[in-house]
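Have a look at the structure below before the remarks.
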Amino acid sequence: METGGSSTIAVRKLSLTPKSIIFQKFGKEALYTVEEVQDVAQNECPGLAIPQKGPCLYRCSLQLPDFTVSSGIFKKKKDAEQSAAEKALEKLGIHPSTDEPSAEEACDKLIACVKYFFSDEFLSSLHPLSGHFRASLRRDGDLYGSVPTSVIAACDSKLCNICKLINPKVETNHFLLISYIMSAAARLPEFVVTSKGQLSIWRKNSYRPEIIESPLFQQSDTVDSICITGMHIPCSVEKEVQPVTLNISSTEYYLDVIALKLGLADGNKVMISRTIGKASSEMRLYFAAPNSYLMDQSSDFVNVKVHIEGLLNSRASCFCGQDIYGDAILASIGYTWKSKDLFHEDITLQSYYRMLVNLMPSGVYKLSREAILAAELPVAFTTRTNWRGSFPREILSTFCRQHWLSEPVFSTSSISLKASSETSRLDKKLKVSESVEQDKECVSGGGTATNDLKSVGSESAFKCEVKLFSKSQDLILECSPKEFYKKQSDSIQNTSLKVLSWLNQYFKDPNMSSEKLHYSASALDIKFYPENFFKKFSLYLSMLNIQQSETQGGNFLRSNSMNTQNTMPENGVCCLSTGGPDSGVYPSNGCLLFISYSVSLVTEGGNTKDLLESREEFEFEIGSGAVIPHVEAVVTQMSIGQSACFNTELPIQELILSAADDSARLIPLLLSKVCWLEYSISLLRTTEPPEDRMEQAFFSPPLSKQRVEYAVQHIRHSCATTLVDFGCGSGSLLDSLLDYPTSLEKVVGVDISLKSLSRAAKILHSKLSKKSDGVPYNDVKSAVLYDGSITEFDSRLRGFNIGTCLEVIEHMEEDEACNFGNIVLSYFQPRILIVSTPNYEYNVILQRSSLTSQEDDPDDKIQSQSCKFRNHDHKFEWTREQFNSWASELAARHNYSVEFSGVGGSVDIEPGFASQIAVFRSRLPPEEDNYPKDEDLAHNYKVIWEWDSNNQSRSSP
């Protein structure tokens, strides 16, 4: 392999931020102080009498020796800091140049850096690189003061960035970086000494004695030597990775000790990779410089060339994104900022295999859940509340960093939904017509996809695109889903998960045909660029193929190795046994399941059984693919309180060894014995999914929307001019009413939740304001939202044409629900009242549970684990008989008639409607005044928001 310069140098643009320029000029004298600004939220809803908290905003104050400046207000702290630095530069009269630096300027900066490293000032600093310079003065003989060039290249990012300006290939070619440093040193003959063919630099003149005798050079009294464990990674994939011990005395330079382990005479010929893992990590790969590594150490930067011949270490190269040749040692050791002592920590065989697992998309998720043998990357992002472990966007970013890609680039699109009666029924996909306005926003970076415009519940819906680039900005793949989501964050998470799912498919089966690969990508709305894709991942995938072939060559589980009785062959489960009484409560899709489990490695005949992984409590969402198929297949057949034990074939070797505490002992066992995994699981408890998600799984359109549509149709046919919605919540009914032409002139909502009322006010204000701009929604002339309890009377709402109370009464105690019925019909006296509440009998279908009457003994109900209420906030749920009895008695008592109906299900098929509805109608003539006169001044509600067509929105006086 040969790389290097050409007749001209392509110099990349030097982009220093304002903050970087300030640091160059003032260093630690520049003091930034960031404060959070308590800013009032934007006036999204004029007249709303509820304080609205805006997003967190920040302002930065920058104090310099001669003056102080303050930034504007920003959403991010770093933006505020950059703004303050930019203002300081303006005041100083400094205008950062945007011109590209010349070749000479970039080379001069590099030479200046190398010169500074060998200065007295730098040796006295606490820079990580200065620790190596001080250690070089402890070397013996000809090595005294000799600093390996690979150390300079690896430990100073500023120098690396300058070299990138000269040649962008430095990003992935550390040999080229070292060549540029040596060429720079060759231009400093009066300061440093180099020798052709040597990868080290000496200072020409000795350091001053007072520097050598300073406290920085005093050895620590704590230990005389250190002993650390690293990993020896052979170049040949036929050889196993083995632990290696490094014994380093306080008088030795640790790079010389590593050199001996690599079969080298000294550390000057040791090459060092970039750091692996976290930015603060000192984990690196060390390997011998290839003998063919030839450098032109002349002062001619343009003609620097690197020629490499040697065997590529695929396993080591995967970790750092750089070419590693020959055997390598993985060790976590080095000097850190603001410390003179040598940092070190052990690397175990388990941690090595965990690093391998972390290169896979599903591996990142498994490690975040600390459940390598049980967890699996979910196939769907449902809700943030149900997701466990790292989020898809975070996993995708981690994957890109692990494979040395640029950060994923997200681009979100929002659509402005124009309400009309024609948009109430659409296809499963959210279609964008010509009238839809799209706004795109780039995001550097769950939920349920929106299937129709009306279910969005707001004026916007979002979709997201993502692109993955290499460090050299080659486009590797892009994902452009067609689905829209209610929240921007949900669109980003779901798009990220699509990319991860496809990458996971490929990493599990790298030998899949080109046709299958393109088909799977197309199914997930992904377009990949084969040349760039395979170029980036070929090294890792070739290593993965080797690892898998080694695994398949072992004596793993055969079909005749175990008793196949009680098997689930389609799920890879054998010897399934279940214990414990059947409680009758089974997990259903969408619920959160809590299990305890253990996984053991068992050899044929049961001679050995090694515990690999166990959790006393592990939580996941059933039906989302958040656990391996074997586990999900078994737990769906269990009831609460039961336990199960089953066997499965072995997964890939990396997963087993990354889970085992003693990985070294298991390797020969895996290769020489017939083995399988034994899972023991106990189903502890389950949390049912939220009511709306449970209903959405069974009904299309969702049951909540069916209830609203039922009420809307009755209201339209009633020719009512006034309406009050008792327990209006976030205003879903009032919002829907404004989408249709009705006879309504005044609409009112009452609720006790200020948060819900605030959302309702914003929705209503948005639509009614559009009406005032000439959009013919309807003839509504006024709208009011009240804060108050519907079990209290307010005379301002008496005598409305129609009242609604949808899915509200079950949130009260039963006696309060009865009280509400009496108050609304005897005092509020609407001409028509529509009340809906869940049908308890339908829960048997929604929850797959056994139905038990609510009149049964409470202790018996606990033991039988009958079906639960649909929402944890429900105080009761009535059967059809209970609801009919309540409504009939209430109607008879207050001179109303009542009709029964419902939505979701059928009146003729058991167990009836999922949501039961009663429609009360007053028997009194409309003109008869039967209102209580002594209640005229009963104003128990507080006006939260008010709108009328003349004065627009206004708050209460």
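The figures that follow rest on heavy atoms only: side chains count, while hydrogens, waters and symmetry mates do not. Quick note: residue numbers are just sequence positions, from 1.
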Test side-chain contact (heavy atoms from CB on, under 4.5 Å) on L670 and Q653 and set out the steps. CA-CA 8 Å; L670 289 170; Q653 176 176 291; 4.3 Å; yes
Quick one: are [X] and [Y] in side-chain contact, heavy atoms under 4.5 Å?
{"X": "V151", "Y": "I272", "value": "yes"}
{"X": "L468", "Y": "C400", "value": "yes"}
{"X": "I476", "Y": "F469", "value": "no"}

Name the orientation class of the two ring planes belonging to [X] and [Y] (parallel below 30°, tilted from 30 to 60°, perpendicular beyond 60°).
{"X": "F287", "Y": "F175", "result": "perpendicular"}
{"X": "Y253", "Y": "H132", "result": "perpendicular"}
{"X": "F537", "Y": "H403", "result": "perpendicular"}
{"X": "F399", "Y": "F507", "result": "perpendicular"}

Sequence neighbours excluded, every pair satisfying side-chain hydrogen bond (donor to acceptor under 3.5 Å, both in side chains) that has a member inside residues 358-368: S362-N504
Please walk me through it: do L31 and E29 pass side-chain contact (heavy atoms from CB on, under 4.5 Å)? CA-CA 6 Å; L31 301 177; E29 292 183 306; over 6 Å; no
What I want to check is whether the side chains of [X] and [Y] have a donor and an acceptor closer together than 3.5 Å.
{"X": "S406", "Y": "Q473", "answer": "yes"}
{"X": "S317", "Y": "S314", "answer": "no"}
{"X": "D346", "Y": "S332", "answer": "no"}
{"X": "R134", "Y": "S130", "answer": "yes"}
{"X": "S339", "Y": "D341", "answer": "no"}

Do any pairs count as a salt bridge (Lys or Arg N to Asp or Glu O under 4.0 Å) and have a residue in residues 266-275, sequence neighbours left out, and if so which ones? E171-R274
Pairs satisfying salt bridge (Lys or Arg N to Asp or Glu O under 4.0 Å), at least one member in residues 197-208, at least two apart: D120-R203, D120-R208, R208-E210
For F133 and Y207, I'd like to know if the aromatic rings sit close, meaning centre-to-centre distance below 6.0 Å. no
Could you tell me if K164 sits above the aromatic ring of Y180, with its cationic atom closer than 6.0 Å to the ring centre and no more than 45 degrees from the axis? no
Using only atom types and a distance under 3.5 Å, with no angle test, would you say the side chain of S195 pairs donor to acceptor with the backbone of Q198? no
Inspect the contact between R139 and E252 and indicate whether a charged nitrogen and a carboxylate oxygen are less than 4.0 angstrom apart. no
